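Quick caveat: nothing in here was measured; it's all calculated off a predicted structure. Below, read A as the first sequence line, B as the second, and so on, with proteins coming before strands; counting in each chain starts at 1.
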Amino acid sequence: MSQLRIYDTLSRQLIDFEPRDPGRVGIYACGLTPQAPAHLGHMRGAVLMDVVRRWLRHIGYEVDFVQNFTDVDDKIINRSREEGISPAEVAKKYSRLYLNDLAALGIEPARWVYVTENMPVIIEMIEKIVERGKAYEVDGDVYFRVQSTPEYGKLSRRKLSDMQAGARIEVDERKEHPMDFAIWKAAKPGEPSWDSPWGPGRPGWHIECSALSLKEFGADFDIHAGGVDLIFPHHENEIAQSEAYLDKPQFARIWMHWGSVQLAERKMSKSEDVVMGVREALERFPAGAIRLYLLGTGYRSPIEYSDARMEDAQRAFDRLRAALNRAKQMLGDAVEGPADDDLCKRFAEAMNDDFNTAAALATLHDTIGQLNERMAEGLRGQEERAAELVRTAEWFGGILGLPFEEPEAESALVEKLMAAIIEWRQELRIQKQFAVADSIRKDLNAIGVLLEDGPEGTTWRRS
RNA sequence: GGCGCCGUACCCAAGUGGUUAAGGGAAGGGUCUGCAAAACCCUCAUUCGGCGGUUCGAAUCCGCCCGGCGCCUCCA
C-alpha cells in the first residue's frame, strides 16, 4: 500500500508520515472557546479529524486524539454578563451543546482537556519562559517578547516589520514591541482568577494549547491541527512560546490546517451574524448529508455553504443509502467476507494522498454504481459479487463515518399500519382504481412517507 | 501595503508533465412501470480564466494580465 502523505503548513510540503513513536500517533487539535452555539465551520474540522483518526487507525496506528476547551477567556466573561450566569456555567453550557453536536454528526469522542483544570502546568510554562528571558511582566500581565525569537513568523510566513505596517490596533505602550502578546492576564475585579507568581489572573489566549499539548504528548509530537484562521496569530504564537519553553525548535512535526466554511462569500465566524448553525443544519438535513457535503471538497480548500449544495449532498447520500439497504434486503444475511481489492486500493490511494476524501468518495460512488447495476439485473447469480460490493461500500462508509443504516426502527404499530395501507391500496390497484390509489400515495407523500411500487410489490420509506 | 490561496462542463468537484480530463447533483433521451418513484442504459468540457514561454509533450512548470477569495483584529 502507498505511503500516507500529509501536507504540513510549516514546511509547505507533503510529508511522508512517520510517527515519533512507532505505531502510535498523537494528535492535538485546537478545540474552541465554548461561548456560543457551534456552526458548520467548527464541524468541518471535527468531521475531518474524525476521518483522519479512522483512517490512521485503519492503517495500523493507535491514535490518541486530544482536543481542548478553552473554558476561561474574555469572550466567556462577556457572555456570562449577557446571560447573567457565571463564566463557568457559560463554558459548561456551550461545551455540552458542542459535544451533542459532535455526537449528532457521528464524530468519535476526543480525549477532552480543560484549561481551568490545568492551571499548574500553564503557570509553570509561563515561569520557565520568563526565566529564559523570553517574556516579561508588566503590572501583573506577562507578555511574550516576540523579538526574542528570530524565527517569529515562520508558520504564517510574515515578518514582524511587515506586520507593524498593517497593524491598526491600539498599541499598549507598556509593551516592548506592539506584537508582544499576553501569556498571562491580570484579573480585573469580578473576573475569574487563579493565583500566580504575578498575582491573580488567567492565561492569555494561545498559552493553553502550548501547555496542554506538551503536557499530553511532550515535545515533537505528531500532528497539531486547526482551522486556517488559527495560523496567525494563534499557532504562530504557540510555536514561539513552546519553542521558547523547550529551548529547541521541535514543538510539533506536522501542522494541518483545514479551510474555512463561508456563507454568502463571507467566512463564517462567531463575530459575524452570517452563520449556519449546526443545530439549524441538523434540523434541516441528515447527518450523512452534512458529512458528504463537508467531505466532498479537499479539506484545505475553502468551501461555501448554500442550501442548494446541501440538497445536492442529500440526494447523493440518499442514493447511496437506499442502494445499500435495498441490497441488504435482497441478500439477506449472506454478506460476510472480504471487500473488493481493486476498489479498496483506489480508496486507500486517495486517503493516503493527504486525506483526499473527494477522490475517496468517488470510489464509493463507483462501488454503489456497480452494485445498482447488479440489482437492476435482478442479481441473477451475481449474489456473491453484490455481497462483495456491499461489504466494500460499507467499509468505505465506515472510514468516512457515513451513517448508512436506516434512520431508526419504526414502531410495530407503524409497521402494521403501513402494511395494512399498502395491502388495501394494492386491492384498489388490482381493481384498477388508480385514481384512488394515486391519491393515497400522494397524501402519504405529503406527510413524508414515500411509496414505491416495484415488480415485487410496494415498499415504503420516509422521504 | 504585506503574506497566501483559488479560477476545470449548467452547479459542486478530483486531477498538478504523457493512456479516452474522476465522481456527484441538475438537465435531455431511452428501458422498466397502469401512472409516479427508484434503478439501469445513452447524451452532457477535443478542453481546463486570457495571452505568451519552456518542453517531443502542459489543465498540470515559468512570466504577464483579468477575475474571485482568505489572513494580517476575535475566529474552527
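- Rounded to the nearest Å, the gap between the C1' atom of U8(B) and that of G23(B) is 13 Å.
- Here G4(B) sits opposite C69(B) as a Watson-Crick or G-U wobble pair (both hydrogen-bonding atom distances under 3.5 Å).
- When both pairing distances are held under 3.5 Å, U46(B) makes no Watson-Crick or G-U pair with any nucleotide shown.
- Set against G70(B), G4(B), A37(B), the side chain of Arg12(A) has G4(B) as its closest nucleotide.
- If you check G17(B) for Watson-Crick or wobble pairing at under 3.5 angstrom, you find it has no partner at all.
- In terms of modelled atom types and a separation under 3.5 Å, the side chain of Asn118(A) and the main chain of Tyr114(A) share a donor-acceptor contact.
- Remark: Arg44(A) fails to qualify as a cation-pi partner of Tyr299(A) under the 6.0 Å distance and 45° angle criteria applied to the six-membered ring.
- Between the side chain of Asp229(A) and the base of C74(B) there is no donor-acceptor pair of N/O atoms closer than 3.5 Å.
- The side chain of Arg326(A) lies closest to A39(B) when the candidates are A37(B), A39(B), C3(B).
- Looking at heavy-atom distances under 4.0 Å, Gly45(A) makes no contact with the nucleic acid at all.
- Residue Asp438(A) places a side-chain atom within donor-acceptor reach of the base of G34(B), judged by atom type and a 3.5 Å distance cut-off alone.
- Aromatic pair His235(A)/His257(A): ring centres closer than 6.0 Å.
- With respect to Arg111(A) and Glu216(A), a salt bridge is recorded, a charged nitrogen being found less than 4.0 Å from a carboxylate O.
- Side-chain N/O atoms of Arg309(A) and base N/O atoms of G25(B) include no donor-acceptor pair closer than 3.5 Å.
- When the P atom of C6(B) is taken as reference, atom CZ of Arg300(A) falls 8 Å away, rounded to whole Å.
- Judged by the 6.0 Å and 45° rule, Arg429(A) forms no cation-pi pair with Phe434(A).
- Pair assignment for C51(B) gives G63(B), based on Watson-Crick or G-U wobble hydrogen-bonding distances that are each under 3.5 Å.
- In this entry C32(B) has no Watson-Crick or G-U wobble partner, no candidate having both defining distances under 3.5 Å.
- Spacing between atom CZ of Phe181(A) and atom P of C74(B) amounts to 12 Å, rounded to whole angstrom units.
- Remark: A58(B) base-pairs with no nucleotide; criterion is Watson-Crick or G-U wobble with both hydrogen-bond distances under 3.5 Å.
- Put simply, the side chain of Arg441(A) and the base of C35(B) share a donor and an acceptor less than 3.5 Å apart.
- Taking the six-membered ring where tryptophan is involved, the planes of His234(A) and His206(A) are tilted, since the angle between them lies from 30° to 60°.
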Quick test: give all pairs of protein nitrogen or oxygen and nucleotides 20-24 of chain B nitrogen or oxygen below 3.5 Å, distance rounded to 0.1 Å.
{"unit_1": "G23(B)", "atom_1": "O2'", "unit_2": "His365(A)", "atom_2": "ND1", "d": "3.1"}

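- Using the Watson-Crick or G-U wobble rule with both distances under 3.5 Å, A22(B) pairs with nothing in any strand shown.
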